[in-house]
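What follows is a short report on a single structure.
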Amino acid sequence: AAYFAESSARIVETPVGDRLHFWFGDNQDGNPCAHGILAGQTGSGKSFLLHCLITGLAARYSPAELRFVLVDGKNGVEFEAYRGLPHAEVVCLRTSPAVARSVLDDFVAEMDERWAKFQRRNVNKLEEYRRQTGETMPRMIMVVDEYQQLLEGDPDRGADLLNKVLEKGRAAGIHLVLGSQTFDVRGLPAAAMRNVHLRAALSLPIDYIQSLAAFGAEGKKLIRDLAPSGQVVINDSSGKDGANARGAVARFDAASGCTLSQVVAGITTASAS
């Protein structure tokens, strides 16, 4: 398939495994998917899932259509591979909580600036703005691994910034993908989850699944049956029963001649040509 063949005006979407999809924006039925959260215990394959998401989207949408802000935890170097990715506006490794909040603050400022542009044009969302102006304003996705760091040291400030994006981001083409070992992070109000329509669960401790509020009964049963690594349950309807998809996450491996660095190099080369 050709690189960069898709428009992000209404939606961005990519497969991350067999019958498994991530998407943000508005689908053909008019349903919204504003933001995503994924959780899995150590060794469950969370990093593989994030890599599938980032590279899958970057291959389908040009840097003019889609930009990434990638923030690793204070011990993290998962996003090292994306330093040269043309879509990556910011790549933060081993990020301190204060720096992570500063990056999120800039993300909020970008969102506010877009809303100001929309008001001047009397439009309410990215798709309308692009149609009216002909300007290719890209969607922006901020991926934060171990996102609880945003609340460390100044939980009120972190929660305030997160809530602003969670509440107002989608129509402006601004999306968050939050990764952690659990779905509920201390300091973030439960109500903030109402705009996190897409939820992805990898292997989780059995006792934690019992009390899980992010999925309904059907989802919790599927999560209980996941393999310890590499399988995921994805729900794009706020965890509601009937909207769960379960399967194996696509993997990068040297045996197939398709390592992460090779995939990123292919995207980067295509962008330069």
Side-chain angles (χ1 to χ4, degrees), residues 13-24 27 29 31-57 72-73 75-76 78 141 143-152 159 162 166 175-253 260:
E13 55 188 333
T14 182
V16 292
D18 188 27
R19 298 186 302 279
L20 300 172
H21 282 79
F22 265 67
W23 64 279
F24 301 101
N27 68 11
D29 299 324
N31 296 323
C33 187
H35 310 286
I37 187 168
L38 53 109
Q41 58 191 337
T42 303
S44 62
K46 183 156 57 76
S47 297
F48 277 111
L49 183 52
L50 286 172
H51 291 321
C52 285
L53 171 64
I54 294 165
T55 57
L57 288 172
D72 256 325
N75 300 313
E78 284 299 337
I141 299 178
V143 183
V144 189
D145 198 11
E146 306 304 339
Y147 82 96
Q148 65 273 12
Q149 67 183 307
L150 292 165
L151 303 163
E152 288 176 18
L162 276 171
L166 291 172
H175 309 282
L176 283 171
V177 176
L178 306 173
S180 186
Q181 294 194 23
T182 62
F183 284 98
D184 29 60
V185 169
R186 186 188 303 275
L188 189 66
M193 284 287 286
R194 70 178 177 272
N195 291 304
V196 183
H197 301 104
L198 193 142
R199 295 145 191 217
L202 296 114
S203 173
L204 292 163
I206 292 296
D207 56 347
Y208 173 67
I209 296 170
Q210 309 290 0
S211 60
L212 193 57
F215 284 80
E218 175 193 278
K220 289 198 274 194
K221 183 179 186 305
L222 290 170
I223 296 165
R224 270 194 290 271
D225 293 337
L226 289 174
S229 179
Q231 289 190 333
V232 65
V233 174
I234 297 177
N235 186 301
D236 61 6
S237 297
S238 303
K240 293 186 180 74
D241 284 350
N244 296 297
R246 177 187 162 197
V249 178
R251 294 183 79 88
F252 302 93
D253 61 77
L260 177 60

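V144 and Q149 get closest at one heavy-atom pair: CG1-NE2, 3.6 Å. Nearest heavy atoms, Q181 versus T42: NE2-OG1, 3.5 Å. Pairing each heavy atom of S203 with each of A227, the nearest pair is CB-O, 3.6 Å. Considering every non-hydrogen atom in both A200 and V232, the closest pair reads CB-CG2, 4.0 Å. Shortest non-hydrogen contact noted between C52 and A250 is SG-O, 3.0 Å.
Considering OG1 of T14 and NE2 of H21, their distance stands at 7.0 Å, rounded to 0.5 Å. To the nearest 0.5 Å, the span separating CZ on F22 from CG on L49 amounts to 4.5 Å. Between atom CD1 of residue I209 and atom CG of residue D225 there is a gap of 9.0 Å, rounded to the nearest 0.5 Å. Considering OG of S180 and CD of Q41, their distance stands at 12.5 Å, rounded to 0.5 Å. Taking CG from L53 and CG from L198, the interatomic distance works out to 9.0 Å, rounded to the nearest 0.5 Å. In this structure, CD1 on I223 lies 10.0 Å from CD1 on I206, to the nearest 0.5 angstrom.
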- Assess whether side-chain contact (heavy atoms from CB on, under 4.5 Å) is satisfied between D145 and K46, documenting all intermediate values. CA-CA 9 Å; D145 198 11; K46 183 156 57 76; 2.8 Å; yes
- Task: Run the numbers on L178 and L162 for side-chain contact (heavy atoms from CB on, under 4.5 Å), then give the verdict.
- Result: CA-CA 10 Å; L178 306 173; L162 276 171; 4.2 Å; yes
- Task: Take R199 and M193, measure what side-chain contact (heavy atoms from CB on, under 4.5 Å) needs, and give me the verdict at the end.
- Result: CA-CA 10 Å; R199 295 145 191 217; M193 284 287 286; 3.9 Å; yes
- Task: Begin with the C-alpha distance, continue with both residues' side-chain angles, and end with the deciding distance and a verdict on side-chain contact (heavy atoms from CB on, under 4.5 Å) for D184 and Y208.
- Result: CA-CA 11 Å; D184 29 60; Y208 173 67; 3.4 Å; yes
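Under the ring pair (Phe, Tyr, Trp, His ring centres under 6.0 Å) criterion, F24 pairs with H175, sequence neighbours left out. Evaluation of the side chain to side chain contact (heavy atoms under 4.5 Å, CB included) rule for A192 yields N163, L166, L188 as partners, not counting sequence neighbours. In terms of the salt bridge (charged side-chain N to carboxylate O under 4.0 Å, His left out) criterion, residue partners of E152 (sequence neighbours excluded) are, by chain and number, K74. For the side chain to side chain contact (heavy atoms under 4.5 Å, CB included) test, residues two or more places apart in sequence or in another chain that qualify with D207 are P205. Shown here are the ring pair (Phe, Tyr, Trp, His ring centres under 6.0 Å) partners of H197, two or more places apart in sequence or in another chain: there are none. Evaluation of the ring pair (Phe, Tyr, Trp, His ring centres under 6.0 Å) rule for F48 yields no partner, not counting sequence neighbours. Applying the side chain to side chain contact (heavy atoms under 4.5 Å, CB included) rule to T55 yields the partners Y82, F252, L260, V263, V264, I267; only residues at least two apart in sequence or on another chain are considered. Contacts of F215 classified as ring pair (Phe, Tyr, Trp, His ring centres under 6.0 Å), with partners at least two apart in sequence or in another chain: F183. For K240, there are no salt bridge (charged side-chain N to carboxylate O under 4.0 Å, His left out) partners at least two apart in sequence or on another chain. Under the side chain to side chain donor-acceptor pair (under 3.5 Å) criterion, N244 pairs with E218, N235, not counting sequence neighbours. Shown here are the salt bridge (charged side-chain N to carboxylate O under 4.0 Å, His left out) partners of R224, two or more places apart in sequence or in another chain: there are none.
When atom types are taken as modelled, the side chain of K220 and the backbone of L212 share a donor-acceptor pair closer than 3.5 angstrom. Between the S229 side chain and the G43 main chain, a donor and an acceptor come within less than 3.5 Å of each other. With hydrogens and angles disregarded, no donor-acceptor distance shorter than 3.5 Å links the side chain of R19 to the backbone of R246. Counting only distance, with no hydrogens or angles, the side chain of N27 and the backbone of D29 share a donor-acceptor pair below 3.5 Å.
Residue pairs meeting the ring pair (Phe, Tyr, Trp, His ring centres under 6.0 Å) criterion with at least one partner in residues 218-250, sequence neighbours excluded, do not occur; the list is empty.
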